Participant: 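Sharing a structure with you now.
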Amino acid sequence: MIVISKEKLTIQKEQDVVLFRNRIKELATKIGMSLVNQTKLITAASELVRNMLRYGGGGITHLEIVSKNSIPGVRLIFVDEGPGIKDITLAMKDGYSTGKSLGLGLPGAKRLVNEFDLKSEPGKGTTVTIIRWKNGL
Amino acid sequence: MNKESAAALKGKKKQILENWMANQLKDAALRDDLMSVSELQQQSEEFLSTLLKAFASPNAEDTDSAGYESIHDILSEISITRARQGFSPRETSAYILSLKEVLSQVLEDRFKDETAILYREIISMNKIMDSLSLVTMETYIKGREEVILRQTNEMSEISTPVIRVWEGILALPIIGTLDSARTQVVMEALLEEIVATGSRIAILDISGVPTVDSLVAQHLIKTVSAARLMGAECIISGIRAEIAQTIVHLGIDLTNIYTKATLASALKMSFSMLSIQVSKAAQNGPVGSKQNFGF
Ligand SMILES: Nc1ncnc2c1ncn2[C@@H]1O[C@H](COP(=O)(O)OP(=O)(O)O)[C@@H](O)[C@H]1O
Ligand SMILES: [Mg+2]
């Protein structure tokens with residue numbers, strides 16, 4: 001896999017979410033991603049960025065256009081230095097939430113993208129990486 | 001910066017101010033619609049006096065030192081004000097940059113036979129002015145962010161109209177992002193209107209909501225429950241195909257909520273729920289005459 005372009009966006013407040021989503025839309029449009037796939041990617045990203053704000057105390061997002069076997073895709077990396085997730089298996093369960101919300105963010109985001117990777121260390125922070133390929137199902 | 005430079009600059013204060021003002025005014029970009037010349041003159045004079053004093057202080061090159069404190073304050077004030085007034089970044093940084101030019105000229109005249117000193121002093125002065133220029137930009141951006149934030153807040157208040165589409169039917173077009181603060185506004189407006197009109201159906205149209213994630217869904221579900229408590233049923237309309245697919249993958253359960261693709265179909269559904277019959281009137285008048293639309 002090669003990285004074609006990369007940029008960073010700091011997320012500190014609610015208003016940053018809209019800016020972030022718009023930027024993803026621009027990148028996805030640039031590589032010709034279909035509207036349905038764009039919507040899935042943006043919605044997954046929205047979940048993760050909200051988690052980062054709410055549970056991780058904000059953080060940094062990396063937005064990249066990548067390419068594998070000459071198929072382009074968008075890779076997003078969410079890095080926060082918050083409290084981390086103690087039980088990842090539990091956090092990935094539908095309906096599990098410590099914040100009285102729907103508990104669908106993490107499992108839902110995973111279903112909406114082609115590649116999903118969650119790393120977290122209690123006390124250190126959380127890093128989530130997702131990729132949606134241009135033509136991925 | 002050495003004592004001779006500071007003294008030379010101080011001695012030429014009047015001339016510096018004059019040239020600096022001329023520089024600022026000659027810049028075609030300066031907006032006399034945003035600020036009067038006398039205001040600019042006064043602001044510039046105050047700034048220059050404070051700056052020349054700081055130049056004479058022992059650690060003149062350290063713009064974080066105490067001598068520069070009030071300069072930072074004045075500069076921040078100027079940039080914030082300019083940001084709010086709608087000056088461009090170029091116009092705002094031109095304030096410091098145009099002064100730099102004038103100061104260079106004075107130093108050149110003072111040390112024209114001592115190239116080595118001139119070189120050192122110019123660099124030193126540039127260093128100070130560049131660091132002040134950064135302060136200007138930082139505060140300018142902060143000022144712009146304030147403006148944007150205020151506009152965002154204003155938008156969320158104005159863009160939540162509740163429309164009475166029919167006797168007993170309300171429609172609420174939601175446009176933009178449905179964050180927590182916005183949901184509160186929308187919900188309150190809707191509940192008030194349900195009570196005021198005794199409406200039994202509320203259509204929440206989300207055609208204008210770009211992203212429906214689990215937070216937005218939760219807010220919608222909450223609004224529907226609150227409306228039910230007030231005796232009104234909700235229909236969510238304007239769910240585009242790609243959003244419908246995404247909601248399913250996310251795992252959001254909307255089976256307990258009426259959903260429709262378009263506002264028109266939601267309206268039709270409301271009619272049948274309220275047993276309202278709307279039909280086309282028989283066309284018996286001559287062609288071209290005023291038609292009866294059956295309303
Ligand atoms: N970045 C994060 N830092 C710390 N904890 C997190 C983070 N993201 C998710 N979590 C934990 O995982 C849980 C599940 O997240 P999610 O599936 O998005 O549901 P919800 O946001 O509705 O709680 C959260 O309630 C929280 O406890
Ligand atoms: Mg979440």
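Protein chains get the first letters and strands the later ones, always in sequence-line order, with residue 1 at the start of each. Any value given below was found using the heavy atoms of this structure, including those in side chains, with hydrogens, waters and symmetry copies removed. For clarity, every value in this text was computed on a predicted model and none was experimentally measured.
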Participant: Given a strict heavy-atom distance threshold of 4.5 Å, which part of B/I252 is in contact with chain A: side chain, backbone, both, or neither?
Facilitator: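 Interface part for B/I252: both.
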Participant: Can you tell if the side chain of B/V248 reaches within under 4.5 Å of the side chain of B/Q245, non-hydrogen atoms only?
Facilitator: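 Contact flag for B/V248/B/Q245 side chains = no.
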Participant: Between A/N37, A/I42, A/V18, A/T43, which has the largest tally of heavy atom pairs under 4.5 Å with chain B?
Facilitator: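 Max contact count across the listed options: A/T43.
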Participant: Donor-acceptor pair, distance only, cut-off 3.5 Å: does the side chain of B/T139 make one with the backbone of B/V135?
Facilitator: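 Judged by distance alone, yes, a pair lies under 3.5 Å.
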Participant: What about the rings of B/Y95 and B/Y140, do their centers lie closer together than 6.0 Å?
Facilitator: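 Centroid separation for B/Y95 and B/Y140: 6.0 Å or greater.
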Participant: If you draw a 6.0 Å radius around CD in B/Q218, do more than 12 non-hydrogen atoms from other residues or ligands fall strictly inside?
Facilitator: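 Yes.
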Participant: Top residue by heavy-atom pair count (under 4.5 Å) with chain B, among A/K13, A/R21, A/K110, A/Q38?
Facilitator: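 Maximum pair count with chain B is reached by A/R21.
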